[in-house]
Number of protein chains: 2
Amino acid sequence: MAKTRELLVETMKQLLWERGYDATSPNLVLERSGAGKGSFYHHFKGKKELAIAAMDSRADELSEEFDCLVAKHSDPLAAVAAYMCQTRDASKGCRIGRIVQDPSLEDPLLNAPLKRFFGEQHGKLTQLFQQAQTESLLSDALSPEQLATLAISALQGGFVYGRAMQEGDVVNDATDSFITLLNTQRLAE
Amino acid sequence: MAKTRELLVETMKQLLWERGYDATSPNLVLERSGAGKGSFYHHFKGKKELAIAAMDSRADELSEEFDCLVAKHSDPLAAVAAYMCQTRDASKGCRIGRIVQDPSLEDPLLNAPLKRFFGEQHGKLTQLFQQAQTESLLSDALSPEQLATLAISALQGGFVYGRAMQEGDVVNDATDSFITLLNTQRLAE
DNA sequence: GTCTATACCGAGATAGAC
DNA sequence: GTCTATCTCGGTATAGAC
């Protein structure tokens with residue numbers, strides 16, 4: 001099949017979500033996907049190259065999801081709230097943040113897709129907060145950049161804290177709390 | 001030496017911080033500590049048992065650090081601010097949160113020390129926020145529990161985000177932003 | 001209590017046939 | 001493009017001497 005490559009990428013995306021990078025072996029990818037070793041090393045130089053392709057694909061997917069969601073809201077703060085308060089499950093972990101702590105991710109090549117994703121995400125959130133302040137919907141007690149950093153951190157940290165507590169719901173408490181606190185900064189019109 | 005056991009625990013604590021659980025091999029612990037294989041398996045049943053001892057020790061150490069810091073401040077919000085705004089380095093990761101995402105940590109036995117630590121930490125922060133509200137220093141727009149969850153998440157997420165961006169300072173931006181936002185909830189006396 | 005030698009397994013990758 | 005056989009290395013642990 002000409003689609004074996006795509007199948008390997010999708011399988012890797014799933015396994016990176018479930019187990020991270022270091023704990024995902026080529027053998028596991030092959031077993032899960034049904035492909036053979038020959039195919040794997042024909043399409044990719046090795047595990048690292050496949051993982052980068054998988055992370056890039058995942059980053060694009062999440063970016064697109066974010067853009068779709070933002071497009072539905074004319075109020076920038078409503079867009080942020082809709083993004084943050086999606087129902088998540090900390091026991092599964094973030095589809096992309098899950099990977100960050102793996103020791104191998106200190107390799108700049110492997111880390112690049114993550115850096116790109118979080119950088120772009122920060123930029124988009126900053127824009128939304130900026131817009132809210134320009135439209136006088138939001139106090140300027142914090143800069144748009146600070147709010148974006150805190151939003152991303154609350155979400156990622158909620159995943160960490162929820163996983164440690166073995167309570168998948170806790171990540172939603174973290175994001176909800178952020179939004180509640182953010183709403184105290186809304187300005188009356 | 002009678003202290004070999006303690007030496008192994010300290011070495012494991014350091015390696016758990018640097019590399020997490022899965023990526024730390026017994027061999028590495030032995031090489032780093034100078035101990036031999038015989039000692040290792042004499043004092044511990046295996047890697048898992050050593051890691052649990054190391055995590056328990058680390059959790060106690062961090063708990064004590066927290067208590068010391070709190071004891072220095074009569075104002076509960078000043079205590080929270082002092083805790084959150086310590087200078088940290090995301091490239092090194094949290095001494096205990098660093099470990100949470102490792103696949104092996106799904107084992108309840110391995111996870112227990114983390115669960116205990118984060119549970120206790122949440123309790124202590126909740127108490128501080130509770131006290132601040134009781135003393136009318138803090139608005140009650142959020143519950144003490146919500147604020148504690150957000151504080152922990154902002155810190156842990158700051159580590160994740162900072163590591164992804166390969167900028168160790170970012171974790172401090174996250175905690176500073178939280179404190180700035182929290183300060184908008186202070187009540188005039 | 002500590003040492004060295006040994007065993008077993010899976011990770012990651014290559015070789016060469018089809 | 002895909003398959004199977006094979007290779008090397010390190011992780012994890014045990015055995016038995018000192």
Side-chain angles (χ1 to χ4, degrees), chain A residues 1-55 57 98-99 101-111 113, chain B residues 1-55 57 98-99 101-111 113:
Chain A
M1 309 219 182
K3 288 192 173 178
T4 299
R5 191 195 151 92
E6 195 52 33
L7 174 65
L8 289 167
V9 170
E10 287 303 315
T11 305
M12 189 54 152
K13 281 166 68 179
Q14 180 64 28
L15 283 167
L16 285 178
W17 184 16
E18 291 175 19
R19 309 171 52 85
Y21 177 81
D22 286 315
T24 297
S25 70
N27 280 333
L28 199 52
V29 176
L30 299 179
E31 186 187 334
R32 179 82 64 99
S33 67
K37 227 155 210 159
S39 303
F40 183 109
Y41 288 98
H42 171 73
H43 289 292
F44 300 94
K45 270 175 47 189
K47 170 181 167 178
K48 185 168 147 184
E49 196 177 288
L50 172 58
I52 290 173
M55 288 189 284
S57 169
R98 170 75 175 78
I99 311 164
Q101 306 266 13
D102 276 33
S104 300
L105 267 287
E106 269 158 33
D107 181 333
L109 256 73
L110 268 173
N111 184 67
Chain B
M1 308 219 183
K3 288 192 174 175
T4 299
R5 190 194 152 93
E6 195 51 33
L7 173 64
L8 289 167
V9 170
E10 287 304 313
T11 306
M12 188 55 152
K13 281 167 68 179
Q14 180 63 29
L15 284 167
L16 285 179
W17 184 15
E18 290 175 18
R19 309 171 51 85
Y21 177 81
D22 286 315
T24 297
S25 71
N27 279 335
L28 199 52
V29 176
L30 299 179
E31 185 187 334
R32 179 82 64 100
S33 67
K37 226 154 212 163
S39 303
F40 183 109
Y41 288 99
H42 171 73
H43 289 293
F44 300 95
K45 270 175 48 191
K47 170 180 167 179
K48 184 168 149 183
E49 196 177 288
L50 172 58
I52 291 173
M55 288 189 284
S57 168
R98 170 75 175 77
I99 311 164
Q101 306 267 14
D102 276 34
S104 299
L105 268 286
E106 269 158 34
D107 181 334
L109 256 73
L110 268 174
N111 183 68

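By convention in this document, chain letters (A, B, ...) are assigned in the order of the sequence lines, proteins followed by strands, and residues within each chain are numbered from 1. In this text, all values refer to a predicted model and were calculated from it rather than measured experimentally.
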Engineer: Check the phosphate of D/dC3 against A/Ser39, side-chain N and O only, distance under 4.0 Å to OP1 or OP2. Yes or no?
Structural biologist: yes
Engineer: Kindly say if B/Asn27 contacts the phosphate of D/dG10, meaning a side-chain N or O under 4.0 Å from OP1 or OP2.
Structural biologist: no
Engineer: If I take atom CZ in residue A/Phe40 and atom P in nucleotide D/dA5, what distance separates them, rounded to the nearest angstrom?
Structural biologist: 20 Å
Engineer: Roughly how many Å is it from CG in B/Leu30 to P in C/dT4, rounded to a whole number?
Structural biologist: 11 Å
Engineer: Calculate the interatomic distance between A/Lys37 atom NZ and C/dG16 atom C1'; express it in whole Å.
Structural biologist: 16 Å
Engineer: Which residue lies toward the 5' end of DNA chain C, B/Gly38 or A/Tyr21, if each is placed at its nearest nucleotide?
Structural biologist: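 First, find each residue's nearest nucleotide; the 5'-ward one identifies B/Gly38.
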Engineer: What's the closest nucleotide to the side chain of B/His43 if the choices are D/dG1, C/dG1, C/dG12?
Structural biologist: C/dG1
Engineer: Around atom CD of B/Glu49, are there more than 12 heavy atoms of other residues, nucleotides or ligands at under 6.0 Å?
Structural biologist: yes
Engineer: On the ring face of A/Tyr21, is A/Lys48 found with NZ or CZ under 6.0 Å from the centre and within 45° of the axis?
Structural biologist: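 That pair does not qualify as a cation-pi contact.
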Engineer: Within this structure, what is the NZ-to-P distance between B/Lys3 and C/dG1, rounded to whole angstrom?
Structural biologist: 14 Å
Engineer: Looking only at the side chain of A/Ser25 (C-beta and beyond, no hydrogens), which of the listed nucleotides D/dT2, D/dT12, C/dA11 gets closest?
Structural biologist: C/dA11
Engineer: Separation of B/Phe44 atom CZ from D/dT12 atom P, in whole Å?
Structural biologist: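 Whole-Å distance recorded here is 16 Å.
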Engineer: Do you know the tightest heavy-atom contact between A/Leu7 and A/Ser33?
Structural biologist: CD2-O, 3.5 Å
Engineer: Looking only at side-chain N and O atoms, does A/His42 come under 4.0 Å of OP1 or OP2 in D/dC3?
Structural biologist: no
Engineer: Send over the distance from B/Leu50 CG to D/dG11 C1', rounded to a whole Å.
Structural biologist: 15 Å
Engineer: Does a nitrogen or oxygen in the side chain of A/Tyr41 sit under 4.0 Å from OP1 or OP2 of C/dT14?
Structural biologist: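 It does not, given that no N or O in the side chain of A/Tyr41 lies less than 4.0 Å from OP1 or OP2 of C/dT14.
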Engineer: Between the side chains of A/Gln14 and A/Glu10, is a donor N or O closer than 3.5 angstrom to an acceptor N or O?
Structural biologist: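 Looking only at side-chain atoms, A/Glu10 and A/Gln14 do not form any donor-acceptor pair under 3.5 Å.
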Engineer: Report yes if a side-chain nitrogen or oxygen of B/Thr4 is closer than 4.0 Å to either non-bridging phosphate oxygen (OP1 or OP2) of C/dT2; otherwise report no.
Structural biologist: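 Answer is yes, contact under 4.0 Å.
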Engineer: For A/Ala51, is there any backbone N or O sitting under 3.5 Å from a side-chain donor or acceptor partner on A/Lys13?
Structural biologist: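 Not confirmed, A/Lys13 side chain does not pair with A/Ala51 backbone.
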Engineer: Rounded to the nearest Å, what distance is computed from the CG atom of residue A/Leu8 to the C1' atom of nucleotide C/dG12?
Structural biologist: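 In whole Å, C/dG12 C1' and A/Leu8 CG are 15 Å from each other.
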Engineer: Distance check needed: D/dG1 P versus A/Glu6 CD, whole Å only.
Structural biologist: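 In whole Å, D/dG1 P and A/Glu6 CD are 14 Å from each other.
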